[in-house]
Visitor: 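This structure is in structure tokens; I'll ask about it shortly.
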Number of protein chains: 2
Amino acid sequence: MASAETDKPNRSDKQDRRYHHGDLRHAILTAALDVITADGPAGLSLRDLARRAGVSHAAPAHHFRDRTGLLTAIAAEGFALLAAALNDASDLKDAGGRYVRFAREHPAHFQVMFAPGLLRADDLELTTARALATDALRTSVSGVHAEDFGIDSRLAGVAAWSLAHGFATLLLGHNLDGPVGDRDPEEVFRTLATTLFRTP
Amino acid sequence: MASAETDKPNRSDKQDRRYHHGDLRHAILTAALDVITADGPAGLSLRDLARRAGVSHAAPAHHFRDRTGLLTAIAAEGFALLAAALNDASDLKDAGGRYVRFAREHPAHFQVMFAPGLLRADDLELTTARALATDALRTSVSGVHAEDFGIDSRLAGVAAWSLAHGFATLLLGHNLDGPVGDRDPEEVFRTLATTLFRTP
DNA sequence: CTCGGAACTTGACACTGACTAGATTGCCTG
DNA sequence: CAGGCAATCTAGTCAGTGTCAAGTTCCGAG
């Protein structure tokens, strides 16, 4: 009850609720990631995030226009993180391993990044971040000598991306719990990639 | 104004609105598939589906308990369709091709099937249908001589499933529009699968 | 014929996203 | 050291949604 020092007594039902949260944008982003990791993007509610941050229900809208805006920001951040993770990959299977690791370390980002229906497709920050990540992917693939496989290099890239993306997606959906068991998923993936992408 | 023959005048604001729709469950399912195909599962509203069927807002709940129930039913139907599509696949790359074709022909089902956060995981109909599809997948993979690749057959199955699933997912998300161009995606996939899964 | 249960309606409640106007704050300029 | 201004946050409102409980209509078995 006895509030020690009501520096500004606008409302102290939460311990130190100042008018300006300080870093609301960041607080909401991380809270959103928690919720998405637990319940998926469907369970996300701006009002709930506001409550968690101890802030009024309309406050989030000032940082992210809408729900779609919030998810778009998360996706953009995800693509930036992915690009960074892929940046200095040594070779193809290393890049794939990093892709899988990224999905495991940032499951919320990963889900949102590939849920186009939830995003504002024409958002500038999003499209540039995505382009950056795509570039990183492309350079990772450029090391593979596609002619060894009898297909052009773009198709080799599609194959590699499909393999990594499918593995990561199925993994996050707990569809590989049986086969992978308690081995390190990233290691399992490297084995697969090495086997499939060895030169004939 | 002059309603021709008010066979049962409960309400004739729609031409022939009878009290019993006749096949509401089916009508709602197909309408839901349309909506999901267009806007994704996020854009799905039970009330909207009810309106489309010309039925009161709470009617859908009688056939599918809730929104989750509806999506679960769609997922179960999807796994059954997938199992049927995979049933008489001749070999591995044929199965993969069928997997990709299934995703293209039933995009709504495919999306919902792999969105665990939206489904009732313990639903009986769903789990049995999924088991059926998993079996069909497993038998498709059993033809590959895994020892040729130096990995055990379960891992070969994981590799094949990952490749097909990743390709299908990226395709539906329009992430492969560039590389695939206007070629038949299914054919492109068969090329990839043949290349990666050839015996050394 | 009737009567029981299935199919659907009606009404209500709590919750959500979105929008608006206004209050508060802290910083930056002069 | 003011004082103003823009960013930040509050408060109130509206339409739309899922879900529940209680009615109404209809069909078909007995």
Side-chain angles (χ1 to χ4, degrees), chain A residues 6-29 31-32 35-36 39-74 112 115 117-120 123, chain B residues 6-29 31-32 35-36 39-74 112 117-120:
Chain A
T6 50
D7 33 59
K8 258 76 179 194
N10 46 16
R11 196 180 302 165
S12 53
D13 53 348
K14 297 305 181 191
Q15 48 268 33
D16 61 336
R17 162 108 92 118
R18 292 160 306 176
Y19 196 97
H20 282 64
H21 176 282
D23 197 6
L24 183 59
R25 186 187 158 94
H26 181 256
I28 289 185
L29 272 177
V35 173
I36 296 175
D39 295 348
L44 196 69
S45 141
L46 291 183
R47 287 175 114 102
D48 178 50
L49 296 178
R51 270 189 299 264
R52 288 172 188 242
V55 124
S56 88
H57 61 122
H62 274 270
H63 295 270
F64 317 92
R65 206 160 112 73
D66 327 267
R67 213 183 98 101
T68 303
L70 170 58
L71 291 169
T72 302
I74 291 177
V112 174
L118 302 178
L119 308 178
R120 208 177 317 277
D123 180 83
Chain B
T6 50
D7 32 58
K8 258 77 178 195
N10 47 13
R11 192 177 309 160
S12 54
D13 54 347
K14 298 303 183 194
Q15 47 267 35
D16 62 335
R17 160 108 95 117
R18 292 160 305 175
Y19 199 96
H20 282 64
H21 176 282
D23 197 5
L24 183 58
R25 186 185 158 94
H26 181 255
I28 289 185
L29 272 176
V35 173
I36 296 175
D39 294 347
L44 196 68
S45 141
L46 291 183
R47 285 177 117 104
D48 178 50
L49 296 177
R51 271 189 297 266
R52 287 171 189 243
V55 124
S56 86
H57 66 245
H62 209 273
H63 293 271
F64 317 92
R65 203 162 119 75
D66 19 45
R67 216 184 96 101
T68 303
L70 170 58
L71 291 169
T72 302
I74 291 176
V112 174
L118 302 178
L119 308 179
R120 206 176 318 277

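Because only heavy atoms are used, hydrogens play no part in the values below, and waters and symmetry mates are left out as well, while side chains stay in. Every chain is numbered from 1 and lettered A, B, ... according to where its sequence line falls, protein lines coming before strand lines.
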Visitor: Starting at CZ of Arg65(A) and ending at P of dC19(C), how long is that distance when rounded to a whole Å?
Guide: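 That distance rounds to 7 Å.
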Visitor: My understanding is that only residues two or more places apart in sequence, or in another chain, count here; which of them pass side-chain contact (heavy atoms from CB on, under 4.5 Å) with Arg47(B)?
Guide: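 With neighbours one apart ignored, the set is Ser45(B), Arg51(B), His57(B).
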Visitor: Using heavy atoms and a sub-4.0 Å distance, could you list which residues of residues 66-73 of chain A are near DNA chain C? By number, please.
Guide: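 When residues 66-73 of chain A is checked for heavy atoms under 4.0 Å from DNA chain C, the hits, listed by number, are Asp66(A), Arg67(A).
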Visitor: Restricting to salt bridge (charged side-chain N to carboxylate O under 4.0 Å, His left out), what partner residues turn up for Asp39(B), sequence neighbours left out?
Guide: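 Testing Asp39(B) for salt bridge (charged side-chain N to carboxylate O under 4.0 Å, His left out), a comparison that skips the adjacent residues, returns none.
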Visitor: Checking Arg67(B) now: which residues fulfil salt bridge (charged side-chain N to carboxylate O under 4.0 Å, His left out) with it, not counting sequence neighbours?
Guide: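 Counting only residues at least two positions away or on another chain, Arg67(B) forms no salt bridge (charged side-chain N to carboxylate O under 4.0 Å, His left out).
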Visitor: Between protein and nucleotides 13-16 of chain D, what N or O pairs are separated by less than 3.5 Å?
Guide:
none

Visitor: What is the distance from CG of Leu24(A) to P of dG26(C), rounded to the nearest Å?
Guide: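 Atom CG in Leu24(A) sits about 15 Å away from atom P in dG26(C).
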Visitor: Once rounded to the nearest 0.5 Å, what's the spacing between atom CG of Asp66(B) and atom OG1 of Thr72(B)?
Guide: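 One gets 8.0 Å once the value is rounded to the nearest 0.5 Å.
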Visitor: Over all strands shown, is Leu44(A) touching base, sugar-phosphate only, or nothing at heavy-atom distances under 4.0 angstrom?
Guide: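 Sugar-phosphate only.
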Visitor: Taking for each residue the nucleotide of DNA chain D bearing the nearest heavy atom, is the 5' side occupied by His62(A) or by Leu46(B)?
Guide: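 Its nucleotide being nearer the 5' end, the pick is His62(A).
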Visitor: With a 4.0 Å cut-off on heavy atoms, is Ala61(B) in touch with a base, just the backbone sugar-phosphate, or nothing at all?
Guide: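 Contact class for Ala61(B): none.
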Visitor: Measure from CZ on Arg52(A) to P on dT16(C) and round the result to the nearest Å.
Guide: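 That distance rounds to 11 Å.
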Visitor: Using the side-chain hydrogen bond (donor to acceptor under 3.5 Å, both in side chains) criterion, which residues pair with Arg52(A)? Sequence neighbours excluded.
Guide: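 Applying side-chain hydrogen bond (donor to acceptor under 3.5 Å, both in side chains) to Arg52(A) gives Asp48(A).
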Visitor: Round to the nearest Å and state the distance from Leu118(A) atom CG to dG17(C) atom C1'.
Guide: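 Going from CG in Leu118(A) over to C1' in dG17(C) covers 14 Å.
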